[in-house]
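Reading through the structure tokens given below for one structure.
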Amino acid sequence: MLLGELHPCGGGDIIPLTETKLLIGRRSHCDICLKFDNVSSHHCEMEFKNGYWNIRDLGSSNGTKVNGMRIDTKVLMPGDEVMISKHAFNIDYVIEDNSEAPEEESPFALSLLEKAGLEVDRERTGKIAAKRSQSKSVRRNSAKDDFLMEWLDEE
């Protein structure tokens, strides 16, 4: 089933979009393999949902742009220019008449730590910290500690 196409700007083979979720990157196991040094191993992901193609950068080194703007996630409209690193494509697909345009995610909806995948589960880290503080309060003396204490007491 053909869900759309990526047309390379400047010529080249058209890339058919045949699955609802596609991994794009340099590795051979990617659904769309772009064998260029400036394309990350797992560069970005495209997903067809509710009649629209969505693209999400996967923390790539050289970024993903839509119509010249660097993005984290973006709903793609037919004719949009998608740049994967320095490689430009135009996306071509048909929007169903009954498909409602999805709302764009606010770029401020997530913190920078969440976007980078570094946000921590505060409840979990609180439990770990409590456990550590409990274990620190119980001091275990070793034979070396006993020797040192006796040596200090002799003076």
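Atoms considered below: every heavy atom in the structure, side chains included; atoms not considered: hydrogens, waters and symmetry mates.
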Handout entry: Gap separating the CD1 atom of Ile15 from the CG atom of Leu34, nearest 0.5 angstrom
Key = 5.5 Å
Problem - Value rounded to 0.5 Å, distance of CG in Asp31 from OG1 in Thr18 - result: 8.0 Å
State, yes or no, whether a side-chain contact exists between [X] and [Y] at a heavy-atom distance under 4.5 Å.
X: Leu2; Y: Glu5; value: yes
X: Val82; Y: Leu76; value: yes
X: Leu23; Y: Leu58; value: yes
X: Ile55; Y: Thr73; value: no
X: Pro78; Y: Val94; value: no

Exercise for the section: Could you check Cys30 against Ile24 for side-chain contact (heavy atoms from CB on, under 4.5 Å), going step by step and ending with a plain yes or no? Expected result: CA-CA 6 Å; Cys30 291; Ile24 302 171; over 6 Å; no
Would you find a donor on one side and an acceptor on the other, under 3.5 Å apart, between the side chain of [X] and the backbone of [Y]?
X: Trp53; Y: Leu3; answer: yes
X: Asp92; Y: Gly4; answer: no
X: Asn54; Y: Tyr52; answer: yes

Fill in the blank from the handout: Those residues at least two apart in sequence (or on a different chain) that pass side-chain hydrogen bond (donor to acceptor under 3.5 Å, both in side chains) with Asn38 are Ser85, His87
Closest non-hydrogen atom pair, [X] against [Y]:
X: Arg26; Y: Cys33; value: O-SG, 3.4 Å
X: Gly12; Y: Pro8; value: C-CG, 3.9 Å
X: Arg70; Y: Ser60; value: NH2-O, 3.7 Å

Verify the cluster assignment for [X] and [Y]: are they in a single hydrophobic cluster under the rule of side-chain heavy atoms below 4.5 Å apart?
X: Ile95; Y: Leu6; value: yes
X: Met77; Y: Phe48; value: yes
X: Ile71; Y: Met83; value: no
X: Val75; Y: Met46; value: yes

Problem - Asp37 vs Val39, side-chain contact (heavy atoms from CB on, under 4.5 Å): CA-CA, chis, key distance, verdict - result: CA-CA 6 Å; Asp37 289 339; Val39 173; over 6 Å; no
Completion exercise
Residues passing the ring pair (Phe, Tyr, Trp, His ring centres under 6.0 Å) test with Phe89, sequence neighbours excluded, are none
Practice task
Apply side-chain contact (heavy atoms from CB on, under 4.5 Å) to Leu17 and Ile91, showing your working.
Solution key: CA-CA 10 Å; Leu17 306 175; Ile91 186 163; 4.0 Å; yes
Exercise for the section: Under the side-chain contact (heavy atoms from CB on, under 4.5 Å) rule, what do Asn62 and Ser40 come out as? Steps first, then yes or no, please. Expected result: CA-CA 8 Å; Asn62 293 315; Ser40 294; 5.9 Å; no
Handout entry: Glu19 atom CD, over 12 foreign heavy atoms within 6.0 Å
Key = no
Handout entry: Sequence neighbours excluded - salt bridge (Lys or Arg N to Asp or Glu O under 4.0 Å) pairs with any residue from residues 55-65
Key = Glu45-Arg56
